[in-house]
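This report concerns only the one structure given below.
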Amino acid sequence: SLLADLYVKEGDDVEAGTLLAVTESATTLAARLKQTETEQQTAIRAAEASQSQGDEACVLADVAKREAERRVRLLDKKLASEEETEMAQGHAEATAASCTASQARARVAESEINVAVARVAVAQAELERAYIRAPVNGRVLDVLVEPGEFIGAEGFLELGRVDKMYAVAEIYETDILGVKVGQNATISSDALPHALSGKVELIRHKVQKQD
């Protein structure tokens with residue numbers, strides 16, 4: 001991807017979460033996120049409308065059912081005709097089917113909200129990746145890519161954790177038996193303002209040529 005903005009320079013100390021840079025894709029991804037959010041709101045409104053229609057259809061179905069039951073009772077008392085009763089029963093069955101279909105449509109509309117929510121989450125994650133933040137506290141050791149240039153496999157800068165560093169030391173074969181994991185160690189060098197202390201964390205098992 002293309003680096004759009006760089007907010008740090010070599011030597012800067014940064015905290016975890018600090019915005020380091022933004023890629024060119026941020027603008028496009030922000031527009032896509034807005035589109036998915038709009039689609040989510042549309043899905044919510046559609047689900048609400050579908051639920052209302054379903055509730056209405058089921059209310060009408062309940063009224064038609066009670067009317068059909070009333071016609072049956074009247075028929076038993078010879079106060080209603082068979083034709084009227086059959087028509088009422090047919091209407092009750094039709095409205096019951098309409099209620100069932102409306103409820104199914106409401107469930108589908110509800111699932112569309114879940115799909116829309118997932119799309120928003122994906123769009124948010126993609127946009128977040130366009131904003132590159134420091135993964136840890138550290139210092140910018142080197143800037144590899146400037147704004148307007150492409151970020152390659154090597155990344156766009158080198159970030160080092162200077163608050164906690166590892167020293168790789170070469171030990172003569174005749175002395176290595178005296179070194180143990182967990183042992184206190186002191187590191188000194190002309191490149192350091194003073195000696196640093198630490199502990200031995202690892203002894204390699206492979207013997208290599210001394211440099």
Side-chain angles (χ1 to χ4, degrees), residues 1-43 111-173 175-176 179 181-211:
S1 58
L2 194 69
L3 186 66
D5 296 296
L6 181 65
Y7 300 114
V8 293
K9 61 183 183 301
E10 184 178 334
D12 284 353
D13 290 322
V14 298
E15 296 180 351
T18 299
L19 181 63
L20 304 176
V22 179
T23 65
E24 192 181 43
S25 61
T27 302
T28 302
L29 293 174
R32 184 179 300 171
L33 173 59
K34 188 173 183 179
Q35 178 184 351
T36 57
E37 289 174 338
T38 300
E39 292 171 349
Q40 178 181 337
Q41 292 302 315
T42 300
S111 68
E112 288 296 328
I113 295 178
N114 297 331
V115 173
V117 169
R119 287 174 178 165
V120 169
V122 171
Q124 286 175 331
E126 290 177 343
L127 178 59
E128 184 60 29
R129 284 199 294 269
Y131 292 85
I132 307 174
R133 303 180 186 277
V136 294
N137 296 341
R139 179 173 299 164
V140 179
L141 304 179
D142 192 12
V143 174
L144 307 177
V145 177
E146 296 293 339
E149 297 177 345
F150 282 96
I151 302 175
E154 71 281 358
F156 71 100
L157 60 76
E158 293 180 356
L159 183 68
R161 297 187 63 176
V162 295
D163 59 326
K164 183 178 181 181
M165 303 179 69
Y166 284 91
V168 179
E170 293 185 342
I171 307 298
Y172 287 112
E173 290 89 340
D175 297 331
I176 192 62
V179 181
V181 172
Q183 189 174 34
N184 291 329
T186 301
I187 304 298
S188 60
S189 169
D190 293 338
L192 299 174
H194 54 79
L196 302 178
S197 61
K199 290 183 180 294
V200 177
E201 286 199 1
L202 174 68
I203 300 174
R204 290 194 62 177
H205 299 286
K206 184 178 179 181
V207 178
Q208 294 179 306
K209 182 181 178 181
Q210 295 279 325
D211 291 332

Atom CG of L20 and atom CG of D5: how far apart are they, to the nearest 0.5 Å? 12.5 Å
Would you indicate whether the side-chain heavy atoms of E158 and L144 approach each other to under 4.5 Å? yes
Which atom names give the shortest non-hydrogen contact between L127 and A26, and what distance separates them? CD1-O, 3.5 Å
How about E24: does its CD atom have over 12 heavy atoms from other parts shown lying under 6.0 Å from it? no
Are side-chain heavy atoms of D12 and R139 found at a separation under 4.5 Å? no
Answer yes or no: is there a side-chain heavy-atom contact under 4.5 Å between Y166 and L202? no
Side chain proximity check, E146 to L3, heavy atoms < 4.5 angstrom: no
Tested for side-chain contact (heavy atoms from CB on, under 4.5 Å) against L157, the lone hit among I151, L141, V8 is V8
Spatial distance of atom CD1 (I203) from atom CD (Q183) [nearest 0.5 Å]: 8.0 Å
Side-chain touch V120/L33, heavy atoms, less than 4.5 angstrom: yes
Show the nearest heavy-atom pair for residues L159 and P135, with the distance to one decimal. CD2-CD, 3.9 Å
Heavy atoms only: give me the nearest V140-K9 pair and the separation to one decimal. CB-O, 3.4 Å
CG-OG1 distance between L6 and T23, expressed to the nearest 0.5 angstrom: 12.5 Å
The reported gap from CG in L29 to CD in E128 (rounded to nearest 0.5 angstrom) is 11.0 Å
Is it the case that atom CD in E154 sees more than 12 heavy atoms from other parts of the structure closer than 6.0 Å? yes
Would you indicate whether Y7, at its atom OH, is surrounded by more than 12 heavy atoms from other residues, nucleotides or ligands within a distance under 6.0 Å? yes
Roughly how far apart are I132 CD1 and T18 OG1, rounded to 0.5 Å? 13.5 Å
Do you know the tightest heavy-atom contact between R133 and L19? NH1-CB, 3.8 Å
Point-to-point distance, once rounded to the nearest 0.5 Å, from OG1 of T42 to CD of E37: 12.0 Å
Between P147 and A4, which heavy-atom pair has the shortest distance, and what is it? CB-O, 3.5 Å
Determine, stepwise, if the pair E10 / D142 fulfils side-chain contact (heavy atoms from CB on, under 4.5 Å). CA-CA 5 Å; E10 184 178 334; D142 192 12; 3.9 Å; yes
Determine the minimum heavy-atom distance between V14 and A134, stating which atoms define it. CG2-CB, 3.9 Å
Do E39 and T36 have side-chain heavy atoms sitting under 4.5 Å apart? yes
